[in-house]
Amino acid sequence: MKTVGDLRPMARCLEKTDVVILAGGQGTRLRSVVSDLPKILVPIAGRAMLDRLFDWLQGFGARRVVLALGHLSDAVERHVAAGAPAGLDVVTVVEPRPLGTGGALRFAANACHSDPILALNGDTLLEADLCAFLDLYRRAGTRVSLMCARTSDAARYGRVEIDGDRIAGFYEKDASQVGPGFVSAGVYLFARSAIAAIPDSSAPSLERDVLGAMPGGSIAAFSQGVRFLDIGTPESLAEAGEVVRKGG
């Protein structure tokens, strides 16, 4: 598996697309191994997760990244100030209170200039073609596109039902529904109008309260060649490190 930091395509498709990295979570499940770091700075095979994300995004031509921060934001801001990648404009925004992933995206969009906006979770290693993802968004004509990955245990994450190139429905985590299936890979393309429609409620979840509330067939689904590893638990963090070290 080629992971974040290993993919360096020649395409420059993201030159005019702002990227929001959602990195405000508290990472409670990782506190036993990295109690003093936000998830976005957790080292993966010796390099911070954030730096691997920067490498990956720049490989597709990204020039502007907005970091949506919350918990331990000072540590992330110091890390960026100490050495943001050349050629990448990195902007940090800190939520005034926990806003949920949906609220965090709406808040961070105020610092973005492009339409659409690419958004991604800051706790996932990915292998995927962001240029093909952007192409699908443009062809589909929807206001939102979601990247999906096929996994051997969809029950662990919550299942996504795909019908052709559209999302037919979302299903909550259910330990009884074991087996392979598609799950959200935590990468999204949003039209600014769709972000503006995110409810100004108490900490809305991007997956549950925003995407899950949209009508079936209104979200484009991209699943071509997508592989991912989250780093949200000590076990998955250790697995991610091994994958990167082995280059697989």
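Heads up: numbering here begins at 1 and tracks the sequence.
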If every non-hydrogen atom of [X] is compared with every non-hydrogen atom of [Y], which pair is closest and at what distance?
X	Y	result
P38	H71	CB-O, 4.0 Å
F107	V93	CE2-CB, 4.2 Å
L41	A48	O-CB, 3.8 Å
A119	L105	CB-CD1, 3.9 Å
V160	I167	CG1-CD1, 3.4 Å
A104	L22	CB-CD2, 4.1 Å

Could you walk me through whether F60 and D129 satisfy the side chain to side chain contact (heavy atoms under 4.5 Å, CB included) test, starting with their C-alpha distance in whole Å, then the side-chain angles of each, then the deciding distance to 0.1 Å, before giving a yes or no?
CA-CA 8 Å; F60 292 97; D129 186 342; 3.7 Å; yes

So if you build clusters from Ile, Leu, Val, Met, Phe, Trp, Tyr with side-chain heavy-atom gaps below 4.5 Å, do [X] and [Y] land together?
X	Y	value
W56	L88	yes
V20	Y137	no
L146	L134	no
I162	Y157	no

More than 12 heavy atoms of other residues, nucleotides or ligands under 6.0 Å from CG of D163: yes or no?
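No.
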
Geometric cation-pi criterion R150 and F182, 6.0 Å radius, 45° cone
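Yes, R150 lies over the aromatic ring of F182.
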
In a check of side-chain contact (heavy atoms from CB on, under 4.5 Å) between M49 and each of L37, L125, D123, which one passes?
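With M49 as partner, L37, L125, D123 yield a single side-chain contact (heavy atoms from CB on, under 4.5 Å), made by L125.
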
Give, for atom CG of L69 and atom CG of D74, the distance between the pair rounded to the nearest 0.5 Å.
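One finds 9.5 Å between CG of L69 and CG of D74.
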
Closer than 4.0 angstrom, basic N to acidic O: yes or no for R106 and D200?
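Between D200 and R106 there is no salt bridge, as every charged N stays at least 4.0 Å from the carboxylate O atoms.
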
Would you call R64 and D18 a salt bridge, using N to O less than 4.0 angstrom?
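Answer for the salt bridge query: yes.
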
Run the side chain to side chain contact (heavy atoms under 4.5 Å, CB included) check on F133 and L118 step by step: do they pass?
CA-CA 10 Å; F133 184 43; L118 176 71; 3.8 Å; yes

Where at least one partner belongs to residues 205-224, residue pairs that pass side-chain hydrogen bond (donor to acceptor under 3.5 Å, both in side chains), sequence neighbours excluded:
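Counting only pairs at least two positions apart or across chains, the side-chain hydrogen bond (donor to acceptor under 3.5 Å, both in side chains) contacts touching residues 205-224 are S184-E207, Y188-E207.
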
Begin from the C-alpha positions of L67 and L50 and carry the test side chain to side chain contact (heavy atoms under 4.5 Å, CB included) through to its verdict.
CA-CA 10 Å; L67 299 180; L50 179 58; 3.9 Å; yes

